[in-house]
Structures are given as structure tokens and as C-alpha cells.
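Only one structure is covered here, and it is reproduced in the block below.
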2 protein chains.
Amino acid sequence: MGKRKGSGRATITDVAEHAGVGAITVSRMMRDPSKVSEKLRIRIEKSIKELQYIPDPKARALASGRADVIGVLIPSLSNIIFADTLRAIHDSTQNTPYQVLIGNTRYDAQEENHLLSLFLAQNPAALIVVGIDQSDNSINLLKEANIPVVQIYEIGPDPIDMSVGLSHIAASETMVEHLLNQGFCKIGYLAARLDPRMERRLEAYRTKLNSLEIFEPKRVVLTNKASSVNIGRKLMRQLIDCAPDTDAVICANDDIALGALFECLAQGISVPEQMGIIGFNDLEMMQAAYPSLTSIRTDRYKIGTLAVDKILQRLNGDETDQKQIDTGFELIQRDSTSRR
Amino acid sequence: MGKRKGSGRATITDVAEHAGVGAITVSRMMRDPSKVSEKLRIRIEKSIKELQYIPDPKARALASGRADVIGVLIPSLSNIIFADTLRAIHDSTQNTPYQVLIGNTRYDAQEENHLLSLFLAQNPAALIVVGIDQSDNSINLLKEANIPVVQIYEIGPDPIDMSVGLSHIAASETMVEHLLNQGFCKIGYLAARLDPRMERRLEAYRTKLNSLEIFEPKRVVLTNKASSVNIGRKLMRQLIDCAPDTDAVICANDDIALGALFECLAQGISVPEQMGIIGFNDLEMMQAAYPSLTSIRTDRYKIGTLAVDKILQRLNGDETDQKQIDTGFELIQRDSTSRR
DNA sequence: TGACAATATGGTAGCGCTACCATATTGTCA
DNA sequence: TGACAATATGGTAGCGCTACCATATTGTCA
């Protein structure tokens, strides 16, 4: 008798003995049934069912040197934006052998680097990271890992491997242009704690307004606190106090936009007549708000789906021609900015 | 030379050789430094640093028969409610060796059962599941697994092992009583696709109103679609059409409550004068809304924290006296129901 | 029909750890 | 100082798979 107690569950050896075949044949049959004759296939399948055999992924990973794991590093677990993409990633891996492992970087490059080391120690099949602002250290780890890597949400000039996202600069410019087209000209900006993508949008707004010589620093209201609807209200209140002639606000995201709307409602400021409001992400609530809120729609579910698609393609050996996918964005115009 | 290529990274054997000790001593030192003399400890630590050694969790798990993994099965990835708890679980496991593995059951008992089998094949250290309505099959798997199991969000009469949550029946009764106390008496109910906890709350509302002989079926508006702010608007519209004399609504969650508020704003129905609105969960936006929205605060972060605490206690060998924790709830009264 | 290729199956060793046991070293007490 | 316990360290085998190679079986063609 062995001196080491196993898990108690059936192993591949049990199945092999039960079916009267070699263990390796069972292994083959599980990974690619076409490599085993029909006769044995049926016998093995029967044994698997009878013994309720479920392969042990960690033994598999140890033996093959590759875990059927896709690591995902996201900056926040309680941000619905990332949750939408996570859902897509889970959905897309649903009928594959791949398991999703989530790491929360808390918007911290060092934490990202640390998690990356931990994840790589598990030989993941692929990795998904958010944004294009990884530390040099992380970039090296990712490149040396020699596995498919997808950067999501933003596309930039020099992807580590593949990327799926959009240009936040272009999106920001579109927001400004839309407001100008609607006749707004004293355009403010509300933003809470900035992530790199928000920073890029804010910067693009500044650049754009500067180029038109209509940029006024007093209309930019920032805080270091995390985004929230309440913060949106506070920022709006502050803006109205400091620059009461402001006629529209670009909000760093939809939560802030909703807060801005509530503050206008509370102060009796009519939207869009006295104040235009535009958000970013187009959360579902933007359409339901009254007045409904204009926003930039970003297809976060699609980003996750495409990221996994790219990864699976590569893992299946298909070289991708397209290393960078621009998922674009769409300005959804609603009441909150419709003046004409 | 070995015929099998390793990962390329340093292994425990490399560290052992480098430090001039046995591999098992390195293993010991990593898991419990106090079991190794200071002399060797320092030497091994130096070697670990120089070789940048990171232990391979899957090899560790295979050898020890137990993975440092806490499995979490949640019904939805894009529901902020679960995200809050997930964040707590991640935060609480941050400085432990445990990794969090998330499964998305999509509110489907069969999928839950399937994921459970897959998770158990990995010998997780513990499991967290949502609610108390697991299938018999799942309950058996969980009991046979012989590991700490925590059911979260709801507490019931017969926990599988441990549970951390609240009584949704009591919460619902509190909502009804609050509305009655505020002078509302024609109380409606708006709900989208029901999960078991929502069902329990709806049922408690029915029972309560029936016992007071003021229950009227026409005031209950339901749909099979998923909860959303837009659905909240639609349900409210429907309620106003079918039962225009309704003077307050209990909403299955905050999204629906926010939608109900917007519909009232759109129709010029004053809140709370003509219509009281109460939500459930107390999302951050409830406070920021105008008028602000009454809701039941549930401490979702704390639920996650306590669940992990209980698990870590048990994994450390401390038997818990308290197998069931009632995290309670708090009715946060705001403008939307404040009549007096 | 024989030579060879293609296909199907299996044995062995090894992935990187730790459980289990053995042994060497140190400390404690009469 | 000797006997024994406590402490520190190490060797070996095994966790449950699969890579790699070997061999048996079948098919194909001149």
C-alpha cells in the first residue's frame, strides 16, 4: 500500500485500469479523442463516467509545463467597467479548457508587477492586462514569458504583443467637438482620481480647447478621491461656484455625469438649456436618466471577447495578422447635450 | 541532460544546491521559517533572492494534496453587489498564500454544480458560495469535500458549514413597516428577474401586507428581464398605468429604484409626496440622487471579509464557535420616503 | 506478397514540490 | 558523564499527470 494518501478521487490510472488501457491513452483521449480508436474511445468514456473521473488541472499543468489558465490583471474589482469585460472573458472561455485567474492591481504598478511574477510562476497560457502603461519591469516579464499577451481598453503606438481597445484621445476630441457643435462654448471638465486613460482624455480636452483658444483652467475641477455619483455632485457644485458661466461639462465617467445631473436638478439648473452634460462609457443608466445623458459608448464586453478570441487563435497555432484591434467608440447623443 | 525541458525558472532544487542544503529544508523554510536554524535561514533567503525563486503553486498543491486556493462561486460577474464582496475577498486574502478562483454560475444551479466539480478537482482550501439554495447534488459535493465552506448573503436554518449574511425576510418586513410608519398605505412592488433572495423579500412583503389585509396583486409588477435602471422606469410606468393610486413602491434593488425615480421625474410625480420609493442594497448613488433615495444598507464588503476570516480561522486550526454570522442590515431613510 | 509508411498504443521518466521517515546534532537532567 | 529527549536536517518516494520514445498493428503500393 502507498504511504501517501491521494485525493481519494479517481485518477487517470484508475480509469486506465478500469478500461484496460494505458494511462497515456486515457490522457490522449481526453485531449484529442481523434487520436484514439473508436473502440477504446468508447471504453474509456464509459470508465470515465463510471468512475466520475475529472482530470486534475494542476497535475496536467505540472507535467506539460503549461497551465490552462488565462491570467487577467485589472485595476479594480468594484468598477463595473472592468466587470463587464471580465464577464466577457469568462463567457468566452466557457467552453474551452481555460480557466480565468483574476488579479487586482489596485491601480498600482508595483502590485501589478508583483502579481505578474506570481502569475508567471504558474505558467499561464496567456495574460490580459489593462492599459498601456505597464512598468518597464512588467513589460520585460511579459515579453520574456513568451506567451500571448493582450493589452486592453487602450491602444497605443508600441504594444507588448497584442492589444484591443480604443483611442481615448480621439474619444475626448469627439466629446469636445460634439459640445461645440451643439453650441456650447464654455466647456468644463469634472474628474476624480485619474487613471491613465482618464488622464489622456483630460489632456486631449486641454489640448483641443487650447488650440481653439477657449481653454480656461478654472473650468477644470479635479479631486483625488475615487469616482462616485456623490463626488460628481460635489465637483459640479464646485464648478458652479468657481465658474458659474460654464455651459457644459465633460465628465471623466458616467458616475460623475450622473452626479452632475443630480446637482443640476437640486439647484434648479436646467439640462441641457443651462448646462450640457456628457459622460463616458455609456452605462445602462445613462439612457434611463431624466433628462437622458449623452455619453461615449465603449464596447467593454466586445473588448473582452476579442481579447480571448485573439488568445485562443494564437494558442491554436494560428498566427494573427492583426495584432491591434481598434474597437472604437460611439457618441450616443441624448437630451443632456441636445440643444439643436 | 534531462530529456524534459523545465520551465526555465529556478526550482527549489536550484535554491537548495545554491545554498548548500537539502531541498526539503528550503521547502520548510518557505512555509515556516521558525523550523530552520537562523544560519541556514539566512543562507537560503540569500539564494532565493539571487535566483529570484518563486515557488510553483501547482507543484506544491500536487505534492501536499491541497491547493492554496479559495474558490468563490457567484451568480453574476457584472453585478456590483457581488463585485463589492469579491473585492473584500481579494483584499482579505492579499497577505495570505491563498489565491482566489472565481466561478460564474449565471444563476444556474446546474452550472453551479458543474463548476463545483471542476473546482473540487483542484483540491481548494475552502469554498464560498452565494445563498442557501444550492441543489442537493451541490450540497453533497460540498459536504463530502470536507473543507471550510461559507454560504454568503443569506442566512437560513440549515447551513452546509458556515454562513455569513442577513435575513432577507426581516429586511423586507422592515421596509414595509417603514413605509407604513411614514403614512404610505398603498404599497407596490417592482422587481425584475428574481434571485432567491429577491424572491424571499417579495414573499415577505406579500405575507406582511396580507396579514394587514392591504395586499393587492395589481400593485406587484414583475418582469423576467434582468434588473436595470431602464427596467425600473418601465416597471414604474406599468404600475402607474395599472394602479395609479399606489403611493409607494418597494424595489427589488437600487437600479430599479433609480429607474422608478427617473420615471416619476419624467411624469412630474413628486417624490415622496405622491410616491415613496425604497431600494435595496444602498449603492453609493442612492445618497447622491435628488431627491435622495431610501434604501436598505447591506454590508457587502464586510460579508466578504468575514467569510474569509472564518475560513482562515478554520484553516489555522481554530475551531469556530460561531458558525453563522448575521451581518444585519440598516434602513437608511432619505428623502424618497420621508413624509413626516 | 513483401517492403515501407502510417496509425494506434504503451512504458518510462520527469514536471516541482512535500509527506514521511531516518538520522545527525544539540540540550537536559539525574 | 551518560541516557534520553528535543531539535535540526536530509533522503526517498510519490502527488497525477504528459513528453518522449519505443513498439505493435494496420494500410498501401509496386
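A note on names: the letters A, B, ... follow the listed sequences, proteins ahead of strands, and every chain is numbered from 1.
Summarising the local packing, CD of B:Gln94 is surrounded by more than 12 heavy atoms from other residues, nucleotides or ligands at distances under 6.0 Å. Within a 6.0 Å sphere centred on CD of A:Glu50, other residues, nucleotides and ligands contribute more than 12 heavy atoms.
Rounded to whole Å, the distance from NZ on A:Lys58 to P on C:dC17 is 15 Å. Atoms CD1 (A:Ile24) and C1' (D:dC20) sit 9 Å apart, rounded to a whole Å. Atoms NZ (A:Lys35) and C1' (D:dA19) sit 12 Å apart, rounded to a whole Å. Separating the CG atom of A:Leu62 from the C1' atom of C:dT18 is a distance of 12 Å, rounded to the nearest angstrom. For A:Arg66 and C:dG16, the CZ to P distance is 13 Å, given to the nearest whole Å. With rounding to whole Å, B:Asp32 atom CG is found 13 Å from D:dA8 atom C1'. If you take CD1 of A:Ile12 and C1' of C:dG10, they are 13 Å apart, rounded to a whole angstrom. Remark: P of D:dT7 and NZ of B:Lys39 are 18 Å apart, rounded to the nearest angstrom.
When all heavy atoms are compared, the tightest approach of A:Leu62 to B:Ala59 is CD1-CB, 3.9 Å. Heavy-atom minimum distance, B:Arg9 versus A:Ala121: NH1-CA, 3.5 Å.
Contact check, A:Ser37 against C:dT9: a side-chain N or O comes under 4.0 Å of OP1 or OP2.
Checking D:dG10, D:dC17, C:dT9 against every side-chain atom of B:Arg28, the shortest atom distance belongs to D:dG10. The side chain of B:Thr11 lies closest to C:dC17, out of C:dC17, C:dT18, D:dG10. Here the side chain of B:Ala63 is nearest to one of C:dT9, C:dG14, C:dC17, namely C:dC17.
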Dot-bracket line, read 5' to 3' along DNA chain D, where crossing pairs take [ ] and | marks a partner on another strand, Watson-Crick or G-U under 3.5 Å: ||||||||||||||||||||||||||||||
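For the side-chain hydrogen bond (donor to acceptor under 3.5 Å, both in side chains) criterion with B:Asp161, the lone passing option out of B:Arg314, B:Gln324, B:Lys143 is B:Arg314.
Residue contacts for B:Pro55: at a heavy-atom cut-off of 4.0 Å it reaches the sugar-phosphate backbone alone, with no base atom in range.
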